[in-house]
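Please read these numbers as outputs of a predicted model, since none were measured by experiment.
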Amino acid sequence: MNETEVIDMVAHSSEIENIVVRDEEQNELETLVRSSCPLEVKGAPSKKRGKISILIQLCRSRGSIDTFSLVSDAAYICASLARIMLSHFIKFID
């Protein structure tokens, strides 16, 4: 798997399925895709999968976020990321 596929796999994780796409976040998400996402974003920024992909890439690159709800969601995703990756790795080696 390449990095884009790994991020997309994480975006489908049930642990972060409660992430919500809000209307007030759309402008910033669109800007972040163009300015801070070196990898392909599968799914549009207006979809949950796209938003999660953008926030994972921002977490990885230590990008900055202005909208409070995006800051909160990014912190939640980054905190969950290690557990999600570990569980996928364990399933892979079993």
Out of curiosity, S35 OG to E30 CD, how far, rounded to the nearest 0.5 Å?
-> 11.0 Å

R49 side chain to P45 backbone, donor-acceptor under 3.5 Å = no

Approximate separation, where rounding is to 0.5 Å, of K48 NZ and N18 CG = 7.5 Å

Side-chain donor-acceptor pair under 3.5 Å between T67 and E24, yes or no?
-> no

Counting distance only, does the side-chain N/O of E17 pair as donor-acceptor with the main-chain N or O of H12 below 3.5 Å?
-> no

Please name the pair of heavy atoms, one in A11 and one in I16, separated by the smallest distance, quoted to 0.1 Å.
-> CA-CD1, 4.4 Å

Quick check: are there more than 12 heavy atoms from other residues, nucleotides or ligands sitting under 6.0 Å from CG of D23?
-> no

Who pairs with E5 by salt bridge (charged side-chain N to carboxylate O under 4.0 Å, His left out), at least two apart in sequence or on another chain?
-> none

Minimum heavy-atom distance between I7 and S53, given as atom pair plus value = CG2-OG, 3.5 Å

pair E25-S69: side-chain heavy atoms closer than 4.5 Å | yes

Salt-bridge contact D73-R22 (side-chain N to carboxylate O under 4.0 Å) | yes

Tell me which donor-acceptor pairs under 3.5 Å the side chains of residues 57-65 have, and how far apart each pair is, sequence neighbours excluded?
residue	atom	partner	partner atom	Å
Q57	OE1	L39	N	3.0
Q57	NE2	L39	O	3.3
R60	NE	E3	OE1	3.3
R60	NH2	E3	OE1	2.7
S61	OG	Q57	O	3.0

Distance in Å, L55 CG paired with C78 SG, rounded so as to fall on 0.5 Å steps | 8.0 Å

Output for pair (R83 CZ, S13 OG), nearest 0.5 Å, gives 9.5 Å

Indicate, with yes or no, if I54 and V21 share a hydrophobic cluster defined by side-chain heavy-atom contacts under 4.5 Å among Ile, Leu, Val, Met, Phe, Trp and Tyr.
-> no

Is there a donor-acceptor pair under 3.5 Å between the side chain of T31 and the backbone N or O of N27?
-> yes

Minimum side-chain heavy-atom gap K47-K51 below 4.5 Å = no

Which of V33, N2, T4 passes side chain to side chain contact (heavy atoms under 4.5 Å, CB included) with E40? Answer is T4

Working to the nearest 0.5 Å, report the span between CD1 of I77 and CD1 of I56.
-> 6.0 Å

Distance (rounded to the nearest 0.5 Å) between I19 CD1 and I52 CD1 = 5.5 Å

